Amino acid sequence: MAGSAFRMIPQPGAAPYHRVVNRVAARLGGFPRPLTTWLAALPPRRQELLQDAGLGVALAAVNVVSLLPYRDQLHPLWLAVVLVALQGLPLAWRRARPVGIGLVIGAARVAYDKIGFGFAPFPLGPAIAFYTIIDRRGALWRWIACLLVAAGIAVSEASPGHPQPYETIFQVTIFVTAGAAGLLSRAKRASIRAAQSRADRAEAELDRQSARAAERERTRIARELHDVVAHHVSLIAVQAEAATSLLPGRPEQARRSVEVIGDTARQALTELRRLLGVLRRPSERPETTPSASLAELGDVLDQVREAGLPVDLEVVGTPVPLAPGVDLTAYRIIQEALTNTIRHANAARAAVTVRYEPGYITVSVTDSGRREAAPVPADTNGAAVGRPGSVLAGAGSSGLGLAGIAERVASCGGNLTVGPTQADGFAVTARLPAR
């Protein structure tokens, strides 16, 4: 029927055509999913082996099938089939033994051409083997592979059945392309390794920086805890001893010492809560801005005076804003030096000097030497504590006195000077950069 359109009319009760097509497509699309999942679960080397085995079997099958139309002209047929199969099947081990596999495949190809079977299949197997050697082996084997390929092409093209010169150009083009692909794959893999190495080094450096930052933070907290505990507990001990000695005859003065103990203990608890709060909230960003500064120096001097040690304060120069770390360091140096003076020097008087210079601040704590009639303080075992007239003795007993001051000064890039004075006293002087 010319000019008429053929149409399929659906029968009653029959499923629509598009539903049948969708059902078949869904089954075909879902079929390889279990196989894909199984392959993805295998180790990488096993996956590569299966992929190469599939490639080798497929290429060998194509080579064998391409000879079947000419089976009457190939004698013996079995030998031709074996030689073309050997140009594909060994590719299953091409990544594990690229040089050996390349020799086997190349020998099979040259033998096929040398015997003069004719109707040779496309040299895809030798090209893949050559690509693998270029991609996987060093410079020496790459040059050897190039020489062997050139010799193989020359022998094959000189064999019977290759009269046309364009066949040589065709073969050379195939192997040049395979070699270029191997070089590109090699360069890409090297670039990926270099990027991975850089990423690993960067991650390791970040880990080292995090570890160093954590160590610095732990050291800072340890210094703060030592300074807080040493200062306040020393004042409490001094006032407790004073209260004990005053209770029989001077109850009012003893009561004042007990009040000082309470105030000092509350201040110590406040600072300890602030420091321990940082450790209790590791998931939050810790507040590292120092809370103590030279602005609170008056409170420290009052506490020391209430402990029985007269202290004079002298400020030289115009006060300028300091970096938070420098401000805290200067405050803690004065606090620690006065604490050691109370605990170990048994001095009659102390002097604090804060000197502001262009770009620098110098803090100095000097004691006047040991009181003439006062006994040397003793610990709970009755042993003398420290060396008379020396703040350094207190540092030596705990290991965190002047050592802690030295660490603080070094962290700010300053200079520390300690030593006895001409008046049989002791002086601690630190010069710190203001910023």
Side-chain angles (χ1 to χ4, degrees), residues 24 27-28 31-32 35-36 39 46-137 144-182 185:
V24 172
R27 289 180 179 178
L28 292 177
F31 175 74
L35 180 61
T36 303
L39 288 175
R46 186 67 61 83
Q47 293 181 21
E48 293 177 352
L49 179 61
L50 290 178
Q51 293 170 3
D52 293 340
L55 173 64
V57 171
L59 184 58
V62 170
N63 288 346
V64 171
V65 170
S66 68
L67 294 183
L68 294 182
Y70 312 103
R71 58 182 177 274
D72 295 335
Q73 305 177 42
L74 300 173
H75 302 286
L77 178 62
W78 67 268
L79 181 57
V81 170
V82 169
L83 290 177
V84 296
L86 285 177
Q87 297 178 40
L89 290 177
L91 290 176
W93 299 275
R94 69 182 183 92
R95 303 192 211 206
R97 299 286 187 272
V99 176
I101 297 304
L103 290 174
V104 171
I105 294 177
R109 178 70 184 196
V110 172
Y112 185 94
D113 290 337
K114 194 66 177 175
I115 294 173
F117 280 118
F119 312 105
F122 190 79
L124 188 57
I128 294 176
F130 179 63
Y131 158 84
T132 306
I133 294 175
I134 298 298
D135 180 38
R136 299 275 173 167
R137 286 297 176 257
I144 293 176
C146 291
L147 293 176
L148 292 177
V149 165
I153 292 175
V155 171
S156 295
E157 295 303 316
S159 302
H162 299 277
Q164 303 297 331
Y166 71 85
E167 292 187 4
T168 303
I169 299 175
F170 180 68
Q171 298 283 344
V172 170
T173 302
I174 291 175
F175 283 97
V176 167
T177 303
S185 176

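A quick note: this is a predicted structure, and the numbers were derived from the prediction, not measured. Note: hydrogens, waters and symmetry copies are ignored here, and every other heavy atom, side chains too, is used.
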Between [X] and [Y], what is the shortest heavy-atom contact and its length?
X: Ala92; Y: Ala53; result: CB-CA, 3.6 Å
X: Gly102; Y: Ala129; result: CA-CB, 3.8 Å
X: Leu86; Y: Ala108; result: CB-CB, 3.8 Å
X: Ala60; Y: Ala85; result: CB-O, 3.8 Å
X: Ile101; Y: Pro90; result: CG2-O, 3.3 Å

Looking at [atom1] of [X] and [atom2] of [Y], how far apart are the two atoms once the value is rounded to the nearest 0.5 Å?
X: Leu91; Y: Leu59; atom1: CG; atom2: CG; value: 6.0 Å
X: Ile169; Y: Ile153; atom1: CD1; atom2: CD1; value: 12.0 Å
X: Trp78; Y: Leu83; atom1: CH2; atom2: CG; value: 8.5 Å
X: Leu55; Y: Leu89; atom1: CG; atom2: CG; value: 10.5 Å
X: Asp52; Y: Arg95; atom1: CG; atom2: CZ; value: 4.0 Å
X: Tyr131; Y: Thr177; atom1: OH; atom2: OG1; value: 13.0 Å

Under a 4.5 Å cut-off applied to non-hydrogen side-chain atoms, are [X] and [Y] in contact?
X: Arg94; Y: Ile128; answer: yes
X: Val62; Y: Pro121; answer: no
X: Trp93; Y: Leu49; answer: yes
X: Leu79; Y: Phe117; answer: yes
X: Gln171; Y: Ser156; answer: no
X: Ile133; Y: Ile144; answer: no

- prompt: Taking Arg137 for the side chain and Ile134 for the main chain, is one N or O donor matched with an acceptor at less than 3.5 Å?
  reply: no

message: I'd like to know if the side chain of Tyr112 and the backbone of Ala107 have a donor-acceptor N/O pair within less than 3.5 Å.
response: no

message: Just to verify, which of Val64, Leu74, Asn63 counts as forming a side chain to side chain contact (heavy atoms under 4.5 Å, CB included) with Val81?
response: Val64

task: Report yes if the distance between the aromatic ring centroids of Phe175 and Phe170 is under 6.0 Å, otherwise no.
output: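 No, too far apart.
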
query: Does the side chain to side chain contact (heavy atoms under 4.5 Å, CB included) test come out yes or no for Ile174 and Phe122, once each step is laid out?
result: CA-CA 10 Å; Ile174 291 175; Phe122 190 79; 3.5 Å; yes

task: Could you label the plane-to-plane angle of the Tyr70 and Phe119 rings as parallel, tilted or perpendicular, counting under 30° as parallel and over 60° as perpendicular?
output: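 Plane angle under 30°, so parallel.
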
